[in-house]
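A short write-up of the structure that comes next.
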Amino acid sequence: MSEKPWINGAPAGGGKPEPVLNPATEQPCAEVAPATLADLDAAAAGALAAWTGGWRELAPGKRTDALFAVARALREGADELAGLESANTGKPMGDAVDEVDMAARTFEYYAGAVTRLTGQTIPVGKAGLDFTLRQPLGVVAAIVPWNYPLLIACWKVAPALAAGNAVLLKPASLTPLTALRLGALAHAAGIPAGVLQVLPGPGSSLGDALVGHPLVRKVGFTGSTEVGARIMALAAKDIKRVSLELGGKSPNIVFADADVELAAAKSPLSVFSNTGQDCCARSRVFVERKVYDRFLSAFVAATAKLKVGDPALRETEVGPLISARQREVSERFLDEAKRAGRTVACGGSRPAGRGFYLSPAIVTGTEPGDRVWREEVFGPVACVRPFDDEEAMLAEANDTPYGLSASVWTRDLSRALRVAKRIESGVVSINSHSSVHLEAPFGGFKQSGIGRDLGMDALASWTEVKNVYVAP
Ligand code: NDP
(Lines give C-alpha, C1' and ligand atoms only; values in the text may rest on other atoms or scores of the structure.)
Protein backbone atom coordinates (compact mmCIF):
# COMPACT_ATOMS: atom_id res chain seq x y z
CA MET A 1 0.00 0.00 0.00
CA SER A 2 1.39 3.41 -0.98
CA GLU A 3 -0.39 6.57 0.18
CA LYS A 4 -0.17 10.29 -0.53
CA PRO A 5 -1.60 13.35 1.21
CA TRP A 6 -5.33 13.93 0.61
CA ILE A 7 -5.77 17.40 -0.88
CA ASN A 8 -8.78 18.94 -2.65
CA GLY A 9 -10.61 15.63 -2.93
CA ALA A 10 -7.79 13.44 -4.27
CA PRO A 11 -4.40 11.95 -3.37
CA ALA A 12 -1.85 14.62 -4.26
CA GLY A 13 1.75 15.79 -3.78
CA GLY A 14 3.96 14.29 -1.14
CA GLY A 15 7.71 13.88 -0.87
CA LYS A 16 9.75 10.68 -0.83
CA PRO A 17 7.56 7.80 0.48
CA GLU A 18 8.48 6.48 3.92
CA PRO A 19 7.56 3.11 5.44
CA VAL A 20 5.12 2.89 8.32
CA LEU A 21 5.54 -0.13 10.59
CA ASN A 22 3.28 -2.76 12.07
CA PRO A 23 4.48 -2.77 15.71
CA ALA A 24 3.45 -6.43 16.14
CA THR A 25 5.75 -7.62 13.34
CA GLU A 26 8.26 -4.74 13.19
CA GLN A 27 7.73 -4.93 9.40
CA PRO A 28 6.41 -2.17 7.11
CA CYS A 29 2.63 -2.33 6.54
CA ALA A 30 2.49 0.58 4.05
CA GLU A 31 4.46 3.50 2.75
CA VAL A 32 3.31 7.10 2.92
CA ALA A 33 4.59 10.20 1.14
CA PRO A 34 4.76 13.04 3.68
CA ALA A 35 3.18 16.36 2.71
CA THR A 36 5.68 19.04 1.73
CA LEU A 37 5.46 22.70 2.71
CA ALA A 38 4.19 23.42 -0.83
CA ASP A 39 1.46 20.80 -0.25
CA LEU A 40 0.53 22.58 2.99
CA ASP A 41 0.16 25.89 1.14
CA ALA A 42 -1.95 24.24 -1.57
CA ALA A 43 -4.11 22.50 1.04
CA ALA A 44 -4.63 25.66 3.07
CA ALA A 45 -5.54 27.68 -0.05
CA GLY A 46 -7.87 24.88 -1.20
CA ALA A 47 -9.52 24.74 2.24
CA LEU A 48 -10.10 28.49 2.23
CA ALA A 49 -11.59 28.34 -1.27
CA ALA A 50 -13.88 25.46 -0.25
CA TRP A 51 -14.94 27.33 2.88
CA THR A 52 -15.72 30.63 1.22
CA GLY A 53 -17.05 28.88 -1.89
CA GLY A 54 -19.97 27.14 -0.18
CA TRP A 55 -19.22 25.21 3.04
CA ARG A 56 -19.39 28.39 5.15
CA GLU A 57 -22.92 29.18 3.95
CA LEU A 58 -24.27 25.63 3.75
CA ALA A 59 -27.66 25.34 5.50
CA PRO A 60 -27.23 23.62 8.89
CA GLY A 61 -29.56 20.80 7.85
CA LYS A 62 -27.28 20.04 4.89
CA ARG A 63 -24.26 19.87 7.19
CA THR A 64 -26.23 17.43 9.35
CA ASP A 65 -26.88 15.28 6.28
CA ALA A 66 -23.20 15.40 5.28
CA LEU A 67 -22.00 14.35 8.74
CA PHE A 68 -24.50 11.49 8.94
CA ALA A 69 -23.23 10.34 5.52
CA VAL A 70 -19.65 10.27 6.88
CA ALA A 71 -20.85 8.20 9.86
CA ARG A 72 -22.50 5.73 7.48
CA ALA A 73 -19.32 5.53 5.40
CA LEU A 74 -17.29 4.82 8.56
CA ARG A 75 -19.69 2.02 9.51
CA GLU A 76 -19.64 0.55 5.99
CA GLY A 77 -15.83 0.69 5.96
CA ALA A 78 -15.51 -0.51 9.57
CA ASP A 79 -13.80 -3.84 8.85
CA GLU A 80 -11.15 -2.27 6.64
CA LEU A 81 -10.61 0.68 9.00
CA ALA A 82 -10.30 -1.55 12.08
CA GLY A 83 -7.85 -3.82 10.24
CA LEU A 84 -5.72 -0.85 9.15
CA GLU A 85 -5.78 0.67 12.64
CA SER A 86 -4.85 -2.59 14.30
CA ALA A 87 -2.01 -3.25 11.83
CA ASN A 88 -0.60 0.26 12.15
CA THR A 89 -0.87 0.69 15.94
CA GLY A 90 -0.70 -2.90 17.21
CA LYS A 91 -3.95 -2.43 19.11
CA PRO A 92 -6.10 -5.54 19.54
CA MET A 93 -8.69 -6.00 16.79
CA GLY A 94 -11.53 -5.90 19.35
CA ASP A 95 -10.41 -2.46 20.53
CA ALA A 96 -9.97 -1.23 16.94
CA VAL A 97 -13.53 -2.32 16.09
CA ASP A 98 -14.87 -0.47 19.17
CA GLU A 99 -12.90 2.66 18.21
CA VAL A 100 -14.29 2.72 14.66
CA ASP A 101 -17.77 2.40 16.16
CA MET A 102 -17.10 5.33 18.49
CA ALA A 103 -15.66 7.33 15.56
CA ALA A 104 -18.92 6.80 13.66
CA ARG A 105 -20.96 7.69 16.76
CA THR A 106 -18.92 10.90 17.10
CA PHE A 107 -19.99 11.96 13.60
CA GLU A 108 -23.61 10.98 14.42
CA TYR A 109 -23.56 13.01 17.64
CA TYR A 110 -22.21 16.14 15.92
CA ALA A 111 -24.54 15.64 12.93
CA GLY A 112 -27.40 15.99 15.41
CA ALA A 113 -25.67 18.77 17.34
CA VAL A 114 -25.43 21.08 14.30
CA THR A 115 -28.93 22.43 14.92
CA ARG A 116 -28.31 22.74 18.68
CA LEU A 117 -25.53 25.28 18.12
CA THR A 118 -27.65 28.16 19.27
CA GLY A 119 -27.00 31.72 20.40
CA GLN A 120 -28.79 33.81 23.02
CA THR A 121 -31.13 36.76 23.05
CA ILE A 122 -29.86 39.21 25.65
CA PRO A 123 -31.93 41.89 27.41
CA VAL A 124 -29.39 44.74 27.09
CA GLY A 125 -29.85 48.16 28.75
CA LYS A 126 -31.18 49.93 25.64
CA ALA A 127 -34.32 49.34 23.64
CA GLY A 128 -33.90 47.11 20.61
CA LEU A 129 -32.86 43.52 20.11
CA ASP A 130 -29.53 41.95 21.08
CA PHE A 131 -28.55 38.42 20.14
CA THR A 132 -25.48 36.25 19.66
CA LEU A 133 -24.42 34.12 16.71
CA ARG A 134 -22.03 31.18 16.79
CA GLN A 135 -19.96 31.39 13.63
CA PRO A 136 -17.26 29.12 12.20
CA LEU A 137 -13.64 30.25 12.44
CA GLY A 138 -12.69 29.35 8.86
CA VAL A 139 -9.67 27.16 8.11
CA VAL A 140 -8.61 25.25 11.23
CA ALA A 141 -5.98 22.60 12.01
CA ALA A 142 -6.23 19.32 13.92
CA ILE A 143 -2.96 17.66 15.00
CA VAL A 144 -3.41 14.17 16.44
CA PRO A 145 -1.26 11.46 18.06
CA TRP A 146 -0.64 7.78 17.39
CA ASN A 147 -2.45 6.13 20.29
CA TYR A 148 -6.03 6.48 18.95
CA PRO A 149 -5.33 7.77 15.43
CA LEU A 150 -8.81 7.57 13.86
CA LEU A 151 -10.82 8.20 17.01
CA ILE A 152 -9.02 11.34 18.14
CA ALA A 153 -9.02 12.63 14.55
CA CYS A 154 -12.83 12.26 14.55
CA TRP A 155 -13.12 13.92 17.98
CA LYS A 156 -11.69 17.06 16.37
CA VAL A 157 -12.79 16.83 12.73
CA ALA A 158 -16.48 16.06 13.42
CA PRO A 159 -17.23 19.07 15.67
CA ALA A 160 -15.03 21.37 13.56
CA LEU A 161 -16.98 20.41 10.41
CA ALA A 162 -20.30 20.54 12.27
CA ALA A 163 -19.52 24.13 13.26
CA GLY A 164 -18.89 24.94 9.59
CA ASN A 165 -15.08 25.06 9.41
CA ALA A 166 -12.70 23.58 6.81
CA VAL A 167 -10.10 21.31 8.44
CA LEU A 168 -6.43 20.53 7.83
CA LEU A 169 -5.78 17.24 9.64
CA LYS A 170 -2.21 16.19 10.49
CA PRO A 171 -1.94 12.59 11.73
CA ALA A 172 1.11 11.32 13.65
CA SER A 173 3.96 10.15 11.43
CA LEU A 174 3.79 6.66 12.94
CA THR A 175 0.05 6.21 12.20
CA PRO A 176 -1.21 8.13 9.16
CA LEU A 177 -3.26 5.35 7.50
CA THR A 178 -6.76 5.68 8.97
CA ALA A 179 -6.68 9.49 8.83
CA LEU A 180 -5.96 9.25 5.10
CA ARG A 181 -8.85 6.78 4.72
CA LEU A 182 -11.08 9.21 6.65
CA GLY A 183 -10.27 11.94 4.09
CA ALA A 184 -11.20 9.68 1.18
CA LEU A 185 -14.33 8.22 2.84
CA ALA A 186 -15.61 11.64 3.87
CA HIS A 187 -15.17 12.98 0.36
CA ALA A 188 -16.91 9.97 -1.18
CA ALA A 189 -19.74 10.51 1.33
CA GLY A 190 -20.26 14.06 0.09
CA ILE A 191 -17.92 16.35 2.05
CA PRO A 192 -16.85 18.81 -0.68
CA ALA A 193 -13.26 18.77 -1.98
CA GLY A 194 -11.01 20.95 0.17
CA VAL A 195 -13.22 20.89 3.29
CA LEU A 196 -11.17 18.08 4.87
CA GLN A 197 -7.50 17.91 3.85
CA VAL A 198 -5.21 15.25 5.35
CA LEU A 199 -1.52 16.06 5.60
CA PRO A 200 0.79 13.35 6.97
CA GLY A 201 4.30 14.52 7.76
CA PRO A 202 6.79 15.30 10.48
CA GLY A 203 5.61 17.37 13.42
CA SER A 204 8.91 19.20 13.71
CA SER A 205 8.67 20.77 10.23
CA LEU A 206 5.18 20.29 8.74
CA GLY A 207 3.50 20.55 12.18
CA ASP A 208 5.31 23.78 13.00
CA ALA A 209 4.45 25.24 9.59
CA LEU A 210 0.80 24.23 10.01
CA VAL A 211 0.58 25.94 13.40
CA GLY A 212 2.28 29.05 12.01
CA HIS A 213 0.30 29.11 8.76
CA PRO A 214 -1.37 32.49 8.21
CA LEU A 215 -4.63 30.95 6.93
CA VAL A 216 -5.09 28.73 10.02
CA ARG A 217 -7.28 30.28 12.72
CA LYS A 218 -7.32 27.56 15.36
CA VAL A 219 -5.21 24.52 16.28
CA GLY A 220 -6.81 21.59 18.09
CA PHE A 221 -4.03 19.31 19.37
CA THR A 222 -3.71 16.03 21.25
CA GLY A 223 -0.26 14.85 22.27
CA SER A 224 2.54 15.51 24.72
CA THR A 225 2.60 18.45 27.11
CA GLU A 226 5.99 19.44 25.66
CA VAL A 227 4.68 19.78 22.08
CA GLY A 228 1.46 21.38 23.40
CA ALA A 229 3.53 24.11 25.02
CA ARG A 230 5.41 24.67 21.75
CA ILE A 231 2.14 24.91 19.80
CA MET A 232 0.76 27.41 22.31
CA ALA A 233 3.89 29.55 22.02
CA LEU A 234 3.80 29.46 18.20
CA ALA A 235 0.07 30.20 18.17
CA ALA A 236 0.61 33.23 20.39
CA LYS A 237 2.41 35.02 17.54
CA ASP A 238 -0.86 35.72 15.71
CA ILE A 239 -3.31 34.99 18.57
CA LYS A 240 -4.56 31.72 17.08
CA ARG A 241 -7.07 29.85 19.17
CA VAL A 242 -5.78 26.59 20.66
CA SER A 243 -7.28 23.63 22.42
CA LEU A 244 -4.79 21.20 23.87
CA GLU A 245 -5.32 17.67 25.22
CA LEU A 246 -2.02 16.71 26.82
CA GLY A 247 -0.38 14.24 29.16
CA GLY A 248 -1.57 12.80 32.46
CA LYS A 249 -0.57 10.86 35.56
CA SER A 250 -3.94 10.04 36.95
CA PRO A 251 -4.93 8.53 40.31
CA ASN A 252 -7.03 5.41 40.88
CA ILE A 253 -8.27 5.65 44.48
CA VAL A 254 -9.60 2.59 46.32
CA PHE A 255 -11.24 3.12 49.73
CA ALA A 256 -11.67 0.27 52.20
CA ASP A 257 -15.46 0.47 51.91
CA ALA A 258 -15.37 -0.17 48.14
CA ASP A 259 -16.26 -3.38 46.37
CA VAL A 260 -12.57 -4.24 46.48
CA GLU A 261 -12.86 -7.29 44.21
CA LEU A 262 -14.70 -5.24 41.55
CA ALA A 263 -12.12 -2.44 41.79
CA ALA A 264 -9.27 -4.95 41.43
CA ALA A 265 -10.95 -6.69 38.49
CA LYS A 266 -11.57 -3.42 36.60
CA SER A 267 -8.37 -1.56 37.50
CA PRO A 268 -6.17 -3.35 34.93
CA LEU A 269 -8.40 -1.83 32.22
CA SER A 270 -7.97 1.64 33.67
CA VAL A 271 -4.20 1.56 33.18
CA PHE A 272 -3.22 -1.21 30.75
CA SER A 273 -5.82 -0.60 28.01
CA ASN A 274 -4.07 0.35 24.77
CA THR A 275 -0.90 -1.06 26.39
CA GLY A 276 -0.89 1.87 28.81
CA GLN A 277 -0.50 4.34 25.94
CA ASP A 278 -3.46 6.34 27.10
CA CYS A 279 -3.46 9.88 28.44
CA CYS A 280 -6.16 8.82 30.94
CA ALA A 281 -4.15 5.85 32.29
CA ARG A 282 -4.76 5.72 36.04
CA SER A 283 -1.21 4.67 36.78
CA ARG A 284 -1.00 5.92 40.39
CA VAL A 285 -3.11 3.52 42.45
CA PHE A 286 -3.87 4.70 46.02
CA VAL A 287 -5.30 1.94 48.24
CA GLU A 288 -6.56 2.42 51.80
CA ARG A 289 -4.17 0.42 53.99
CA LYS A 290 -6.88 -1.76 55.57
CA VAL A 291 -7.53 -3.42 52.17
CA TYR A 292 -4.10 -2.93 50.57
CA ASP A 293 -2.96 -6.57 50.63
CA ARG A 294 -6.34 -7.88 49.50
CA PHE A 295 -6.56 -5.37 46.62
CA LEU A 296 -2.95 -5.83 45.54
CA SER A 297 -3.10 -9.60 45.27
CA ALA A 298 -6.39 -9.44 43.28
CA PHE A 299 -5.04 -6.61 41.06
CA VAL A 300 -1.82 -8.53 40.35
CA ALA A 301 -3.80 -11.72 39.61
CA ALA A 302 -6.16 -9.88 37.21
CA THR A 303 -3.21 -8.19 35.48
CA ALA A 304 -1.24 -11.41 35.11
CA LYS A 305 -4.30 -12.95 33.38
CA LEU A 306 -4.45 -10.26 30.66
CA LYS A 307 -3.92 -11.86 27.26
CA VAL A 308 -0.86 -10.20 25.72
CA GLY A 309 -0.23 -11.11 22.10
CA ASP A 310 -1.12 -10.94 18.43
CA PRO A 311 -3.48 -7.96 17.90
CA ALA A 312 -5.19 -9.78 15.04
CA LEU A 313 -6.62 -12.39 17.45
CA ARG A 314 -9.99 -11.45 18.91
CA GLU A 315 -9.07 -12.75 22.40
CA THR A 316 -5.99 -10.51 22.69
CA GLU A 317 -6.38 -7.78 25.32
CA VAL A 318 -2.93 -6.14 25.23
CA GLY A 319 -0.91 -5.66 22.04
CA PRO A 320 2.63 -4.34 21.54
CA LEU A 321 3.74 -0.78 22.21
CA ILE A 322 3.82 1.53 19.24
CA SER A 323 7.60 1.51 18.76
CA ALA A 324 10.92 0.22 20.06
CA ARG A 325 11.53 3.67 21.56
CA GLN A 326 8.24 3.71 23.44
CA ARG A 327 9.01 0.28 24.93
CA GLU A 328 12.47 1.43 25.98
CA VAL A 329 10.93 4.39 27.81
CA SER A 330 8.80 2.02 29.93
CA GLU A 331 11.77 -0.29 30.53
CA ARG A 332 13.92 2.61 31.72
CA PHE A 333 11.28 3.57 34.29
CA LEU A 334 11.17 -0.05 35.50
CA ASP A 335 14.97 -0.42 35.65
CA GLU A 336 15.27 2.78 37.66
CA ALA A 337 12.56 1.58 40.09
CA LYS A 338 14.34 -1.76 40.55
CA ARG A 339 17.68 -0.04 41.14
CA ALA A 340 16.01 2.05 43.86
CA GLY A 341 14.88 -1.19 45.55
CA ARG A 342 11.22 -1.05 44.51
CA THR A 343 9.36 -4.30 43.83
CA VAL A 344 8.00 -5.26 40.42
CA ALA A 345 5.10 -7.44 41.53
CA CYS A 346 4.36 -8.70 38.01
CA GLY A 347 5.20 -8.10 34.35
CA GLY A 348 7.83 -5.88 32.79
CA SER A 349 9.32 -8.58 30.56
CA ARG A 350 9.59 -8.99 26.80
CA PRO A 351 8.00 -12.16 25.41
CA ALA A 352 10.16 -14.04 22.88
CA GLY A 353 9.76 -13.19 19.19
CA ARG A 354 9.07 -10.11 17.14
CA GLY A 355 6.97 -7.12 18.13
CA PHE A 356 7.40 -4.30 20.65
CA TYR A 357 5.71 -6.24 23.45
CA LEU A 358 6.13 -5.65 27.18
CA SER A 359 3.98 -7.46 29.74
CA PRO A 360 1.92 -5.16 32.04
CA ALA A 361 3.91 -4.31 35.16
CA ILE A 362 2.85 -3.37 38.70
CA VAL A 363 5.38 -1.64 40.94
CA THR A 364 5.08 -1.47 44.73
CA GLY A 365 7.13 0.19 47.45
CA THR A 366 7.54 3.47 45.56
CA GLU A 367 8.10 6.77 47.35
CA PRO A 368 6.31 10.03 46.37
CA GLY A 369 9.52 11.40 44.82
CA ASP A 370 10.12 8.41 42.51
CA ARG A 371 10.01 9.21 38.81
CA VAL A 372 7.86 6.17 38.05
CA TRP A 373 5.30 7.45 40.57
CA ARG A 374 5.40 11.08 39.43
CA GLU A 375 6.01 11.10 35.67
CA GLU A 376 3.90 9.91 32.77
CA VAL A 377 5.22 6.57 31.49
CA PHE A 378 2.82 6.15 28.54
CA GLY A 379 3.34 2.40 28.67
CA PRO A 380 2.10 -0.62 30.67
CA VAL A 381 3.40 0.38 34.11
CA ALA A 382 1.28 1.04 37.23
CA CYS A 383 2.39 1.87 40.79
CA VAL A 384 0.40 1.00 43.92
CA ARG A 385 0.77 2.75 47.28
CA PRO A 386 -1.19 2.42 50.54
CA PHE A 387 -2.78 5.43 52.28
CA ASP A 388 -4.25 6.00 55.75
CA ASP A 389 -5.84 9.44 55.64
CA GLU A 390 -8.20 10.89 53.00
CA GLU A 391 -6.88 14.45 53.31
CA ALA A 392 -3.21 13.44 52.99
CA MET A 393 -4.02 11.13 50.07
CA LEU A 394 -5.85 13.94 48.23
CA ALA A 395 -2.91 16.27 48.73
CA GLU A 396 -0.63 13.63 47.22
CA ALA A 397 -3.06 12.82 44.39
CA ASN A 398 -3.15 16.51 43.45
CA ASP A 399 0.60 16.97 43.83
CA THR A 400 1.28 16.68 40.10
CA PRO A 401 1.49 19.13 37.22
CA TYR A 402 -1.16 17.05 35.43
CA GLY A 403 -4.93 16.82 35.95
CA LEU A 404 -6.66 14.70 33.35
CA SER A 405 -8.65 11.86 34.89
CA ALA A 406 -9.28 9.90 38.10
CA SER A 407 -11.23 6.95 39.46
CA VAL A 408 -12.66 6.70 42.96
CA TRP A 409 -13.90 3.38 44.36
CA THR A 410 -16.18 3.62 47.42
CA ARG A 411 -19.71 2.68 48.52
CA ASP A 412 -20.05 5.91 50.52
CA LEU A 413 -21.83 8.43 48.29
CA SER A 414 -20.89 11.47 50.38
CA ARG A 415 -17.25 10.48 50.27
CA ALA A 416 -17.44 9.85 46.52
CA LEU A 417 -18.85 13.32 45.86
CA ARG A 418 -16.47 15.02 48.32
CA VAL A 419 -13.41 13.40 46.74
CA ALA A 420 -14.67 13.94 43.17
CA LYS A 421 -14.97 17.67 43.88
CA ARG A 422 -11.50 17.91 45.44
CA ILE A 423 -9.54 16.04 42.75
CA GLU A 424 -7.90 18.46 40.34
CA SER A 425 -8.75 16.76 37.07
CA GLY A 426 -11.03 17.29 34.09
CA VAL A 427 -12.83 13.95 34.38
CA VAL A 428 -13.55 11.74 37.40
CA SER A 429 -15.33 8.41 37.48
CA ILE A 430 -16.88 6.83 40.55
CA ASN A 431 -16.80 3.03 40.73
CA SER A 432 -15.78 2.85 37.07
CA HIS A 433 -12.47 2.51 35.26
CA SER A 434 -13.43 4.82 32.41
CA SER A 435 -14.81 8.33 32.05
CA VAL A 436 -14.84 9.09 28.32
CA HIS A 437 -18.34 9.65 26.91
CA LEU A 438 -18.63 11.35 23.56
CA GLU A 439 -21.64 13.35 24.80
CA ALA A 440 -19.68 14.81 27.75
CA PRO A 441 -16.70 17.21 27.85
CA PHE A 442 -13.24 15.61 28.01
CA GLY A 443 -10.01 17.43 28.81
CA GLY A 444 -7.58 18.42 31.48
CA PHE A 445 -6.82 20.74 34.37
CA LYS A 446 -3.33 22.24 34.80
CA GLN A 447 -0.69 20.94 32.35
CA SER A 448 -3.07 18.30 30.98
CA GLY A 449 -4.46 20.91 28.65
CA ILE A 450 -6.75 23.76 27.73
CA GLY A 451 -10.25 23.43 26.29
CA ARG A 452 -12.35 20.32 25.87
CA ASP A 453 -12.94 17.62 23.27
CA LEU A 454 -16.38 15.98 22.95
CA GLY A 455 -19.82 17.14 23.99
CA MET A 456 -21.27 20.54 23.20
CA ASP A 457 -18.20 22.26 24.74
CA ALA A 458 -16.07 20.99 21.86
CA LEU A 459 -18.58 22.18 19.28
CA ALA A 460 -18.59 25.68 20.79
CA SER A 461 -14.78 25.71 20.83
CA TRP A 462 -14.67 25.53 17.02
CA THR A 463 -16.70 28.76 16.73
CA GLU A 464 -16.46 32.48 17.40
CA VAL A 465 -19.26 34.27 19.27
CA LYS A 466 -20.64 37.36 17.60
CA ASN A 467 -22.96 39.79 19.37
CA VAL A 468 -25.47 41.64 17.15
CA TYR A 469 -27.48 44.64 18.34
CA VAL A 470 -30.47 45.88 16.33
CA ALA A 471 -31.68 49.38 17.16
CA PRO A 472 -35.46 49.77 17.53
P1 NDP B 1 3.68 14.25 20.34
O2 NDP B 1 3.24 15.39 21.14
O3 NDP B 1 5.11 14.10 19.98
O4 NDP B 1 2.90 14.14 18.93
C5 NDP B 1 1.54 14.41 18.76
C6 NDP B 1 1.31 15.00 17.40
O7 NDP B 1 1.95 16.27 17.34
C8 NDP B 1 1.87 14.18 16.25
O9 NDP B 1 1.04 14.34 15.11
C10 NDP B 1 3.21 14.86 16.00
O11 NDP B 1 3.75 14.65 14.71
C12 NDP B 1 2.83 16.30 16.22
N13 NDP B 1 3.96 17.19 16.49
C14 NDP B 1 5.18 16.88 17.02
N15 NDP B 1 5.96 17.99 17.10
C16 NDP B 1 5.20 19.02 16.63
C17 NDP B 1 5.42 20.41 16.45
N18 NDP B 1 6.59 20.99 16.78
N19 NDP B 1 4.43 21.17 15.94
C20 NDP B 1 3.25 20.63 15.60
N21 NDP B 1 2.99 19.31 15.72
C22 NDP B 1 3.93 18.51 16.24
O23 NDP B 1 3.11 13.05 21.21
P24 NDP B 1 3.04 11.53 20.90
O25 NDP B 1 2.28 11.33 19.63
O26 NDP B 1 4.42 11.02 20.97
O27 NDP B 1 2.08 10.97 22.09
C28 NDP B 1 2.54 10.73 23.36
C29 NDP B 1 2.20 11.86 24.31
O30 NDP B 1 0.96 12.49 23.96
C31 NDP B 1 2.02 11.45 25.73
O32 NDP B 1 2.68 12.32 26.58
C33 NDP B 1 0.51 11.52 26.01
O34 NDP B 1 0.13 11.80 27.29
C35 NDP B 1 0.06 12.58 25.10
N36 NDP B 1 -1.31 12.28 24.69
C37 NDP B 1 -2.33 12.96 25.28
C38 NDP B 1 -3.64 12.66 24.99
C39 NDP B 1 -4.78 13.41 25.59
O40 NDP B 1 -5.93 13.18 25.21
N41 NDP B 1 -4.55 14.33 26.49
C42 NDP B 1 -3.94 11.57 24.05
C43 NDP B 1 -2.80 10.97 23.47
C44 NDP B 1 -1.53 11.31 23.80
P45 NDP B 1 4.86 13.50 14.47
O46 NDP B 1 4.16 12.22 14.71
O47 NDP B 1 5.25 13.68 13.06
O48 NDP B 1 5.97 13.76 15.44
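First listed ligand is number 1; within each ligand, the first listed atom is number 1.
- Listed by chain and number, residues touching ligand 1 at under 4.0 Å (heavy atoms only) are Ile143, Val144, Pro145, Trp146, Asn147, Lys170, Pro171, Ala172, Ser173, Gly201, Pro202, Gly203, Gly207, Asp208, Phe221, Thr222, Gly223, Ser224, Val227, Arg230, Ile231, Glu245, Leu246, Gly247, Cys279, Glu376, Phe378, Leu404, Phe442.
- Remark: Met232 CE is loosely packed, at most 12 non-hydrogen atoms of other residues, nucleotides or ligands lying under 6.0 Å away.
- By the side-chain contact (heavy atoms from CB on, under 4.5 Å) test, Lys240 is found to be paired with Val216, Val219, Ala235, Asp238, residues two or more places apart in sequence or in another chain being considered.
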Can you list, pair by pair, the side-chain donor-acceptor contacts under 3.5 Å of residues 157-165, counting residues two or more places apart and other chains?
from   : atom 1 : to     : atom 2 : distance (Å)
Asn165 : OD1    : Leu137 : N      : 2.7
Asn165 : OD1    : Gly138 : N      : 3.0
Asn165 : ND2    : Ala160 : O      : 2.9
Asn165 : ND2    : Trp462 : O      : 2.9

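- Ring orientation note: the planes of Phe272 and Phe299 are close to parallel, at an angle under 30° on the 30°/60° scale.
- By the neighbour-count criterion of 12 heavy atoms within 6.0 Å, atom CD of Glu315 is densely surrounded, having more than that number from other residues, nucleotides or ligands.
- Evaluation of the side-chain hydrogen bond (donor to acceptor under 3.5 Å, both in side chains) rule for Thr225 yields no partner, not counting sequence neighbours.
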